[in-house]
Q: 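Structure incoming, see below.
The sequence lines fix the lettering, A, B, ..., with proteins before strands; numbering per chain opens at 1.
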Number of protein chains: 2
Amino acid sequence: MATLKDIAKEAGVSIMTVSNVINGKHSKVSSQTITLIQELVKKYNYVPNLSARSLSQKSSKLIAVFINTYEAGQNHFKDPYISELFGELEALIRQSGYYAIIRSVETAENVSTILQNWNVDGAIFISQQTEDAMNIILKNSKCPIVFIDSYNKTNPKAITVGVDDYKGGYIATKYLIANGHQRIAFSGCYSENNAIVSQRYQGYRNALRESGILYNEQNLIQTFTRYEDGIHIGRDLANHRYDVTAVFAAADLLALGIIEGAKLNGCIVPNDLSVIGFDNLDLCSFVTPKLTTVSQDVKKKADSAVELLLDAMNQVEIPSQNITLDVQLEVRQSVQKIL
Amino acid sequence: MATLKDIAKEAGVSIMTVSNVINGKHSKVSSQTITLIQELVKKYNYVPNLSARSLSQKSSKLIAVFINTYEAGQNHFKDPYISELFGELEALIRQSGYYAIIRSVETAENVSTILQNWNVDGAIFISQQTEDAMNIILKNSKCPIVFIDSYNKTNPKAITVGVDDYKGGYIATKYLIANGHQRIAFSGCYSENNAIVSQRYQGYRNALRESGILYNEQNLIQTFTRYEDGIHIGRDLANHRYDVTAVFAAADLLALGIIEGAKLNGCIVPNDLSVIGFDNLDLCSFVTPKLTTVSQDVKKKADSAVELLLDAMNQVEIPSQNITLDVQLEVRQSVQKIL
DNA sequence: TTGTACGCGTTATCAC
DNA sequence: GTGATAACGCGTACAA
C-alpha cells in the first residue's frame, strides 16, 4: 500500500528521488540517500503500482495469450499439446520480465478490445486462426502479435510460428508406403479454413502421387480430432467401411481413438491395421501399441514465438517473420510391414 | 486510442457525461446525449483504459492464478489434471467479467508483490501449498485468495477447495481388500509437507487396520509421481522387491508408469498385479488395461473455487470457507480378484 | 544531486 | 442533466 509519496515524505526527499532510486538511476542520486531509501523501501514493503506506470508510460509489461473458446464443448486445455505449449510460454514470458494475461476469445473483435483495455505490449495466439481472422485482428491492433500454428501468406504484418505440416504429412505417408501399404486413409479436421490439416493432407497426397498410387477420394475421412471421434472411425475401419490397410491421423488423440475403436471391433493395431499420428504427445508412449507419430518440438515453438514477439516489440530487425520448425517421424509400434 | 476526452470534445459535452453514459448511469443523462455519445463511441471505437480505471477505483477486475514453478524440471502444465483445472478456471473468470493473470511462482514472497503490482482483486492457487507458505501469503496479502488442493486447519483466513483425499485412499484400499488383496503397497510423494498424499495415506492405513491387516512399513513406496518414476517402481514390483499383490498409486500417471514398468519385466496387470490410481484423467481410459482409479470432479472444483473467491471479494457471507468435494471409485480393468 | 509541474485516462464529489 | 475539480501513482522534462 505504500506509495512513492509515502517513502518520499518519510525520507524527507522528493518523489522523484525515490523514483530514481527504485528504477536504478543511481547516477542521479547520492549514495547516502540511496541506502536510506532502500531501507525504507524494505521497511514499508514498497511495490510499484504497474497500472500507474502503464498509464504514464508507453509500455504496460503485459503480454496477452489468446486461445479460442471451447470447441465442440471441450475445454481447450484438455489438449495436452496446447497445455504444454502454454506452460512453456508462461515461463518464457515471466523470465522476460513480462506479465501474462490469458484469455479465450470467440471472435476477432474481442481481441483488439482486450489489447486496448490493458494497453498490452504484445500478444500470442496459441490456436489456429483463419487468414481472415488474422487480417481483422492485425488491422485493429497496434501491438505486435505472434500467431502459432496459423498460415498467412498474404499479410506481411503477420508474424507466425509453425511446423512443417506438409512435410509431416509427407513423411508419414512415405513411411507407410515404404512398409508396403498402398491403400491409406487420411483422417482429420479437413476443411478450407484449416490450413494446418490442409497442408498435412497435401503432403499425404503428394507422397501417394510420387509413389504412383492412385488417390481414392473415399479415403479422406472427415472428422473432429478428439479421442471419441477416433473411436467411431476405428469401428468403421474394423467393419471394412473403408478399403485401407493403414490410416494417417492428423492428431495423436484421434489416432489413439482409432486404435481403440478398431480394437473394440476386433481389429488389432498394428497386425490388422497400421496407424500414424501427429504431435508426439507424451501419452503416445503410454498406450499399447505405442504410437508411431510425427513429432514436433513444442519447447522450441514456444521459444521461437516469444523471441519473435520480443524482437517485434523492441523493433529489432528480424531475418524472417515466419518461422517454420522441422518435424520428424517417431517410429514406435503402430505400423506393421505388409507384403 | 480514443479517450473519454476525445469523445467529450467531439460531442461538445464534458468528460463526466461521457463517462456516465459508458458506465450505464443513464438516469443522469438525457436520452439525446446518450444516443449521440453512443454513436461516437462506436465511430471512434472507444475502449476504456482499465489501467486508468484500476487506478481511480478500488478494483482492478484482475484475478491472479498462481502455480508453482517447474518441479523436477517439468513444465507443470504437462500434468493433465492441472491443465484441465486451469482451463475451467480461465473460462469462469472470463464469464464473471474478470481478467486472468497467470503466473508461476517459486516462493511465497513473490506472490504479494504481484498482487500489489497490479492491485489484483483476488487470487487462486492451483497447486498445493504448505501451511507455512499459505500463512505467509495470507499475511502479506490484502485480497481474498482461494487455495485449491491445500490443507490449512489453523488459519481461519484460508479459503480452500479440495477433495476428500482421505476417503479416496480409504475406498481404493477397501476395494483392493474386497478383491482379496492383503499385501498392498502405497506409492506416492509422501512427506509431512504433502498434506494431500498424507491424507490418502491415512485412508489407506485405516482401511488396512479396519480389515485387521497388519501394516508393513516396507510397503510405503516413496516416489515422485511422474510416469517415469512409475516405470522404476513397476520394474521393482515385477522383480519382487516388494511383497505385495496390489498397489495404490497416489496419482494416475504414476499408476500408468507402474503398469508399464511391471509389464517390461514380465509382470502383467491385472493378472499378476493389481493397480489403482487417483485423479481419473481422460487417458485412464486410453490405456490397456484401463485404469481403475479414484475420480474427482475437476469442473466442480473450478466452479467452487471461483464461486468462493467471488463471494469473498464481494464480502458475501459464506456458509463455509473450506469446501471438500466428494470422490468416488471408477472401476475399470486394472484390479483383479484373487483368492 | 534534488525538486516542481504536468500529464497519462478514469471516476467521485459536489456544485450548478 | 451537466460540468469543474481533485485524486489515483507514476515518470518525463525541465528547473534549481
Q: Taking CD from A:Q116 and P from C:dC8, how many angstroms apart are they, rounded to a whole number?
A: 17 Å
Q: Provide, to the nearest angstrom, the distance between the CD1 atom belonging to B:I7 and the P atom belonging to C:dG9.
A: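 Nearest whole value for this atom pair: 13 Å.
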Q: With a 3.5 Å distance limit and no angle check, can you tell me whether B:S96 reaches the backbone of B:Y98 through a side-chain donor-acceptor pair?
A: no
Q: In residues 34-56 of chain A, what residues come within less than 4.0 Å of DNA chain C, judged by heavy atoms?
A: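 A:L55, A:S56 - these, ordered by number, are the residues of the stretch whose heavy atoms sit under 4.0 Å from the strand.
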Q: Is there side-chain contact between A:F86 and A:I102, with heavy atoms separated by less than 4.5 Å?
A: yes
Q: Keeping B:S141 on the side-chain end and B:I137 on the backbone end, is there a donor-acceptor pair under 3.5 Å?
A: yes
Q: Do any pairs count as a salt bridge (Lys or Arg N to Asp or Glu O under 4.0 Å) and have a residue in residues 75-99 of chain A, sequence neighbours left out, and if so which ones?
A: A:K78-B:E84, A:K78-B:D282, A:E84-B:K78, A:E88-A:K299, A:E90-A:R94
Q: For A:I318, does its backbone N or O pair with a side-chain atom of A:D311 as donor and acceptor, under 3.5 Å?
A: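 Side chain of A:D311 to backbone of A:I318: no pair is present.
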Q: Enumerate the residue pairs fulfilling salt bridge (Lys or Arg N to Asp or Glu O under 4.0 Å) with a member in residues 112-134 of chain B, sequence neighbours excluded, ordered by first and then second residue.
A: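 Sorted result for residues 112-134 of chain B: empty, none.
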Q: Any residue in residues 10-23 of chain B with a heavy atom nearer than 4.0 angstrom to DNA chain D? Just list them by number, or reply none.
A: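 Per residue number, the list reads B:G12, B:V13, B:S14, B:M16, B:T17.
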Q: First contact, last contact: which nucleotides of DNA chain D are these for chain B, 5' to 3', heavy-atom distance under 4.0 Å?
A: D:dG1 to D:dG9
Q: List the steps and the verdict of side-chain contact (heavy atoms from CB on, under 4.5 Å) for B:N119 and B:L62.
A: CA-CA 8 Å; B:N119 188 25; B:L62 242 25; over 6 Å; no
Q: Answer with base, sugar-phosphate or nothing: what part of the nucleic acid does B:K25 contact at a heavy-atom distance below 4.0 Å?
A: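 It contacts sugar-phosphate atoms only.
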Q: Any chance the side chains of B:N68 and B:Q128 put a donor and an acceptor closer than 3.5 Å?
A: no
Q: Here's a test for you: under side-chain hydrogen bond (donor to acceptor under 3.5 Å, both in side chains), which of B:T160, B:N135, B:N322 qualifies with B:N152?
A: B:N135
Q: Check whether any side-chain N or O of B:Q57 sits under 4.0 Å from OP1 or OP2 of C:dA12, and answer yes or no.
A: yes
Q: Restricting to pairs with a member in residues 6-15 of chain A, which pass salt bridge (Lys or Arg N to Asp or Glu O under 4.0 Å), not counting sequence neighbours?
A: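 For residues 6-15 of chain A: A:E10-A:K43.
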